[in-house]
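Have a look at the structure below before the remarks.
Residue numbering restarts at 1 for every chain, and letters A, B, ... go by the order of the sequence lines.
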Amino acid sequence: MQTSLRKNDNWSGYLFIAPSLLMFAVFIAIPFFYSFYLSLHRWEGGKLSNIAFAGFEQYSRALHNPEFWHSIWITAYYTFATTVFQIAFGLLLAILLNQKMKGRTFLRAAYFVPVIMSTIVVGIVWKWIFSPETGLLDYLLHFIGIPPIGWLADPNWAVPSVILMSIWKWAGFHMVIFLAALQDIPQDLYESASIDGSTTWQQFRRITLPMLSNTTWFLAITSIINSFQVFDQIYVMTGGGPLDATNVIVYYIYKNAFLFYDMGYASAVAWLLFVVILTITLIQLRFSRSDWRN
Amino acid sequence: MGKIIAAGAVLTLLTAALAGCGGGAASAPAASGQQPDNKDQGAKQDGKNDVTEITVWEMYGEKVQIPQIIDDFNKTHPSIKVKDQNFPDHTALLQKVQIASTSNGAKPDAILYDMINVPITNQLLPLVDLNKFIANDKDFDINDFYPAFREFGHIGGKQLSLHGYSNNLMLFYNKKLFKDAGLDPEKPPQTWDELLDTARKLTKPGQWGYQIGGINDTYFESLSWEYQTMVWQNGGEVWNKDFTAPAFNSPQGAEALQFLTDLVNKYKVSPLNAPQKGFQNGKVAMMLDGSWSIKDNEDALKENLGAAYLPKKSQFATNVGGEEWMLVQSNDKKERAAWEFMKYMLSKDVQIRISKLSGDLPTRKSVMESPEFQDYLKQHPAYAVSAKEMEYGKYRAPITQYLQASEALYKYLQQTVYNKITPQDALTKASNDITNILATKK
């Protein structure tokens, strides 16, 4: 039985979260369900509202389309490479900048600045760095006698180039998270280990890594979820090419939705992407929980 | 008591947020180009009831002095008030048109954007048949427009749009690099054979002979419409007569694609990975690019900038781009006002003014041949070349699925250029894909 005081509390509580709930409803929940509705329809040309019910035809169309599968594959390749290297570099930077040294605050800030910069701006700058023959990288390579590489213009180098740019941009974020986690590890663990005669490497493997496992799982999961949805860099640097080498899934969705106005098809692809990311995340969570239990 | 104040504060914030969101979304595009004369509007509306207000959606903006031009119109036509809504590019404007066609929101009275969007716009918004004004307007001569520019907007017996400002594809070359290679800087190549010969003489380590702009552009339309010019130059056709089927899968089309890929792979005079701004930095001797690049190229190369028609195989041909004016149906009064505005934007002074600022060309013969514009062309020889090349201008298919078809063609052109498939294979596959695209949509 609620007293009127309690009821008052509830009432003002709801009011406080109302703006946030409204935002969530309008910008996330409603589009989420509406896009599923759209994915069950076919566009008949002309006005966007000119749609006809098509069941799961759009899903079938996507699953039978080689461009869709190529897109998933490219995105997966990009995601896993980026995640592994971002975490590795992040951890390396965190360990190095956890030591007492001069200028470590400056260095920590320096590595974090790319994280807060606009991806579009970073993309434009890196497009110049990657410019064939006249960009910064080819210019430096010229000095050590290596012929110019096409980078973003070469189908074999395009994805590695974007991966490189993404690592540069996000390693700082992983570094900051790892730094916090490293500082949470009790120092006496290391002290007692060195008294018992274990080397730095053994300490790293047996103390540091296990203590960081929750953080590592967290970073792996969020990095994969985000990398699977990469778009800004692709839009600015490669436009999906060359030869569809960087035709990541979100760029593919963008093309179909906003250049060709095939909203039904684009929505179906978006929902398939959601299923892919959800599946990977669930698998990761299962592994991380069993890891934690051990 | 505190809880009531808190609740009140939350309600206020909530209302403000909603108002901000709603207002913000609608006025965001307007904010980028809106004239700051809202006070003026209010006064006019209160005072005079016979001022017809019309809205124009365009993508030129400040750079081409559109707000000032519209201001001039408003001052000289006191019974009409034009409101300008500027968009950053064609894609953003088309998205707004799509939204306007499905919602009950504001519809524009006049639209200016990429000619390629005319067929789609015709499906989305009811466009005015300009013939009803043209027939009765004594001082408007539609035959003053070059044929290509009035034919494109002539759909289903109605004149749905008129080409306002035009551009085309042309050949740029570096006169200094010509001289350095012992070539006559006043004799650019005129045929495909001469082009290949010249390019070979101009290719050496650190320098490329001939860059095909579209190969290094991330936007699919670039290579697609450049290849189309080569099909025409070889005497072939890209589409059939009524644009219902692709026609480039022909001996002429295949020969054109073979030449294109040979330039890159066999003769190695065209780069796959061109340096950024290579032509302007003197690393590329000749370049296939659009007339909109004239100003930047003039600034970079100054008197060393040479310009020529795209070389022919059996005939000269170039692809025409540019912006079209369309009027949206509403009521008689607004349509008439919009027609007056459109005529003004197509008038000689305005066409010349816009041409000088945008790098586009006027679409009317009398304007192009006027002493004033001819004078300007004398000072900018590259523009003169582009202007004369207009007579060989052909236009792309005025169909709603053009962009999708173009992207499909581009995919296979790219694969050919990267040596993944043969030209014949590419054209067959592209032709099949495009036939499917045309079949699935209305």
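Annotation for B/Lys107: atom NZ counts as buried by contact number, over 12 foreign heavy atoms lying within 6.0 Å. Around the OH atom of A/Tyr139, the shell of radius 6.0 Å holds no more than 12 heavy atoms that belong to other residues, nucleotides or ligands. For A/Phe80, the CZ atom counts as densely surrounded, since its 6.0 Å shell holds more than 12 non-hydrogen atoms of other residues, nucleotides or ligands. When the shell of 6.0 Å around OH of A/Tyr34 is examined, it contains 12 or fewer heavy atoms from other residues, nucleotides or ligands. Heavy-atom contacts from other residues, nucleotides or ligands closer than 6.0 Å to CZ of A/Phe53 number more than 12. For A/Trp271, the CH2 atom is densely surrounded, since the number of other residues' heavy atoms within 6.0 Å is greater than 12. Atom OH of A/Tyr235 has 12 or fewer heavy atoms from other residues, nucleotides or ligands within 6.0 Å. Environment of CZ in A/Phe258: sparse, with no more than 12 heavy atoms of neighbouring residues, nucleotides or ligands closer than 6.0 Å.
When each of A/Pro242, A/Gly241, A/Gly239 is scored by its heavy-atom pairs under 4.5 Å with chain B, the top score falls to A/Pro242. Counting heavy-atom pairs closer than 4.5 Å to chain B, the top residue among A/Lys127, A/Lys47, A/Glu133 is A/Lys47. Residue with the most contacts toward chain B among A/Pro155, A/Gly135, A/Gly240: A/Pro155 (heavy-atom pairs, distance under 4.5 Å). Your options are A/Ala153, A/Gly150, A/Ser49, and the one with the most heavy-atom pairs under 4.5 Å with chain B is A/Ala153. For the set B/Glu407, B/Lys283, B/Lys411, the count of heavy-atom pairs under 4.5 angstrom toward chain A peaks at B/Glu407.
The CG atom of B/Leu94 lies 3.5 Å from the OH atom of A/Tyr261; values are rounded to the nearest 0.5 Å. One distance of note links CZ of A/Phe130 with CG of B/Asn273; it measures 13.5 Å at 0.5 Å rounding. Here the CG-CG distance, from B/Leu272 to A/Asp154, works out to 8.5 Å after rounding to the nearest 0.5 Å. Between A/Asp244 atom CG and B/Gln415 atom CD the span is 8.0 Å, to the nearest 0.5 Å. Interatomic distance, NZ of B/Lys277 versus OG1 of A/Thr134, reported as 10.5 Å (0.5 Å rounding). Considering CG of A/Asn50 and OG of B/Ser101, their distance stands at 10.0 Å, rounded to 0.5 Å.
Contacts between B/Leu403 and chain A at a heavy-atom distance below 4.5 Å involve backbone atoms as well as side-chain atoms. Using a 4.5 Å cut-off between heavy atoms, A/Thr238 contacts chain B through its backbone alone, with no side-chain atom that close. Neither the backbone nor the side chain of B/Tyr219 comes within less than 4.5 Å of any heavy atom in chain A. Only the side chain of A/Lys255 comes within contact range of chain B, with heavy atoms under 4.5 Å apart. For A/Pro148, no part sits under 4.5 Å from any heavy atom of chain B, backbone or side chain. Using a 4.5 Å cut-off between heavy atoms, A/Trp151 makes no contact with chain B at all.
Proximity of A/Phe260 to B/Ile437: side-chain heavy atoms (C-beta onward) are nowhere separated by under 4.5 Å.
Among all heavy-atom pairs drawn from A/Leu243 and B/Gln414, the shortest one is N-OE1, 2.7 Å.
For the pair A/Ser131 (side chain) and B/Gln276 (backbone), a donor-acceptor distance under 3.5 Å is present.
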